[in-house]
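Structure record follows, encoded as structure tokens.
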Amino acid sequence: MNEKILYAILDPQILDSRPDEWGVVVHCVDPRSMGFATTLTPAVIEQAVARKIELLVTHHDAWKFMLDVRQTCMELLAQHRISHVWCHTPLDTVDFGTAASLLMMTGCRIIGTIAKGEGRIGESLKPLHLSHVIKMLNRQLSEKPCRIYDADRLVARIACVTGAGTRIDHLAEALGYGVDLYVTGETSLYLLEYASFHRVSVLIYSHNYTEIFGTQNLAHKIADQLQINKVVRLNEPHY
């Protein structure tokens, strides 16, 4: 197993243009079991060890700015001979990636792309009450939104930028599609103020869980390439 595994699944041009946004660490050459989670952490690796996982697939690496957390993760992977594949921006941009997969969970069809390809615009079959959309997302994500701004309008078009979708320009771009709702995994005062000004509803779920379905899709595609039958989702906090 090597980096060719990602080139077989994702856009090679995006991988080549963003070499700092993905990586492959090989400690087990021929893994027969896989676990996946959004974020690589010591707790995720400990679960992998307990479940005899030989390959971890995540959306986030243990970033360098996490200092000793990263060092611990690297040591645990090496100690337990667990390989690791992670893919950030290149996964966000593909049609089976983070934002697209979350919107499709609500029954939306994808009609547009925002946030330099990292976000998507979805359109539902018919206008829905916000409470109905919340119920659907709660069921899929196994969590409730930590923030809600209700603009008191029906939802026909949804903008989604998973994870840290706090940038005002992403929401401003989505307004051009006539969106009624913006869904992301983090918020700020200014995002909510901007949404309120433009009467767009906002749902804030957790960073990890808004991105788990894209990560799951990537994991299963890698499993197909490597002919791995055992693929398990590992638990992580609703951050």
Side-chain angles (χ1 to χ4, degrees), residues 10-11 13-14 18 21 38 59 88-218 238:
L10 299 164
D11 185 337
Q13 290 185 333
I14 296 177
R18 301 300 300 270
E21 287 286 305
T38 300
H59 185 45
H88 194 228
T89 301
L91 177 59
D92 290 326
T93 59
V94 294
D95 290 338
F96 63 84
T98 52
S101 61
L102 184 57
L103 283 173
M104 287 188 284
M105 289 290 179
T106 68
C108 284
R109 66 184 183 96
I110 306 302
I111 63 167
T113 299
I114 58 172
K116 296 182 178 179
E118 297 178 32
R120 294 291 189 275
I121 306 294
E123 185 173 64
S124 62
L125 294 175
K126 62 179 181 179
L128 304 170
H129 289 283
L130 181 63
S131 60
H132 183 73
V133 178
I134 292 173
K135 287 180 181 178
M136 283 195 297
L137 287 171
N138 289 0
R139 183 171 62 251
Q140 296 292 344
L141 297 172
S142 301
E143 65 179 3
K144 296 179 180 179
C146 59
R147 293 286 188 280
I148 299 174
Y149 170 66
D150 185 350
D152 192 24
R153 60 192 286 182
L154 292 175
V155 176
R157 291 189 174 183
I158 305 173
C160 180
V161 180
T162 57
T166 61
R167 290 177 52 171
I168 302 302
D169 58 332
H170 291 169
L171 178 51
E173 185 181 3
L175 294 177
Y177 287 89
V179 299
D180 310 294
L181 170 64
Y182 184 73
V183 178
T184 186
E186 292 187 20
T187 192
S188 69
L189 166 66
Y190 305 105
L191 178 70
L192 296 175
E193 288 284 4
Y194 192 81
S196 174
F197 179 78
H198 286 282
R199 290 195 63 245
V200 174
S201 296
V202 178
L203 296 178
I204 310 296
Y205 285 89
S206 66
H207 193 135
N208 277 339
Y209 280 57
T210 57
E211 298 186 321
I212 191 61
F213 295 115
T215 308
Q216 176 177 274
N217 288 342
L218 176 63
H238 294 267

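Remember, predicted model here, so these are calculated numbers, not experimental data.
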Which atoms form the tightest heavy-atom contact between [X] and [Y], and what is the distance?
X: S101; Y: G214; answer: OG-N, 3.1 Å
X: I204; Y: G185; answer: CG2-C, 4.1 Å
X: G163; Y: T210; answer: N-OG1, 3.1 Å
X: V161; Y: G119; answer: CG2-CA, 4.0 Å
X: G165; Y: Y182; answer: O-OH, 2.8 Å
X: L191; Y: E186; answer: CD2-O, 4.3 Å

- Query: Could you walk me through whether M104 and F213 pass the side-chain contact (heavy atoms from CB on, under 4.5 Å) check?
  - Reply: CA-CA 10 Å; M104 287 188 284; F213 295 115; over 6 Å; no

Kindly compute the distance separating [atom1] ([X]) from [atom2] ([Y]), expressed to the nearest 0.5 Å.
X: S124; Y: M136; atom1: OG; atom2: CE; answer: 7.5 Å
X: T106; Y: E123; atom1: OG1; atom2: CD; answer: 11.5 Å
X: L203; Y: T187; atom1: CG; atom2: OG1; answer: 10.5 Å
X: D11; Y: R18; atom1: CG; atom2: CZ; answer: 13.0 Å
X: L218; Y: T98; atom1: CG; atom2: OG1; answer: 11.0 Å
X: C160; Y: I110; atom1: SG; atom2: CD1; answer: 8.5 Å

- Query: Hey, does H129 have a side-chain heavy atom less than 4.5 Å from the side chain of L154?
  - Reply: yes

- Is any side-chain heavy atom of I134 closer than 4.5 Å to a side-chain heavy atom of P145?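 Side-chain contact under 4.5 Å: yes.
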
- Message: Applying side-chain contact (heavy atoms from CB on, under 4.5 Å) to L102 and L141, what does each step give before you reach the verdict?
- Response: CA-CA 9 Å; L102 184 57; L141 297 172; 3.9 Å; yes

- Task: May I ask you to say whether R120 pairs ionically with D95, meaning some side-chain N is under 4.0 Å from a carboxylate O?
- Result: yes

So, [X] side chain and [Y] main chain: donor-acceptor pair closer than 3.5 Å or not?
X: T215; Y: T38; result: no
X: E143; Y: H238; result: no
X: S201; Y: L181; result: no
X: E21; Y: P90; result: no
X: R157; Y: Y177; result: yes
X: D180; Y: A156; result: yes

- Task: Go through N138 and Y205 one step at a time and tell me if the side-chain contact (heavy atoms from CB on, under 4.5 Å) criterion holds.
- Result: CA-CA 9 Å; N138 289 0; Y205 285 89; 2.7 Å; yes

- Decide side chain to side chain donor-acceptor pair (under 3.5 Å) for T162 and E211; before the verdict, give the C-alpha distance in whole Å, the side-chain angles of both, and the deciding distance to 0.1 Å. CA-CA 6 Å; T162 57; E211 298 186 321; 3.2 Å; yes

- If you draw a 6.0 Å radius around CZ in R147, do more than 12 non-hydrogen atoms from other residues or ligands fall strictly inside?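 Counting other residues, nucleotides and ligands, CZ of R147 stays at 12 neighbours or fewer.
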
- Task: Walk me through it: do Y194 and D169 pass the test side-chain contact (heavy atoms from CB on, under 4.5 Å)?
- Result: CA-CA 10 Å; Y194 192 81; D169 58 332; over 6 Å; no

- Please test N208 against H59 for side chain to side chain donor-acceptor pair (under 3.5 Å), starting from the C-alpha separation and ending with a verdict. CA-CA 9 Å; N208 277 339; H59 185 45; over 6 Å; no

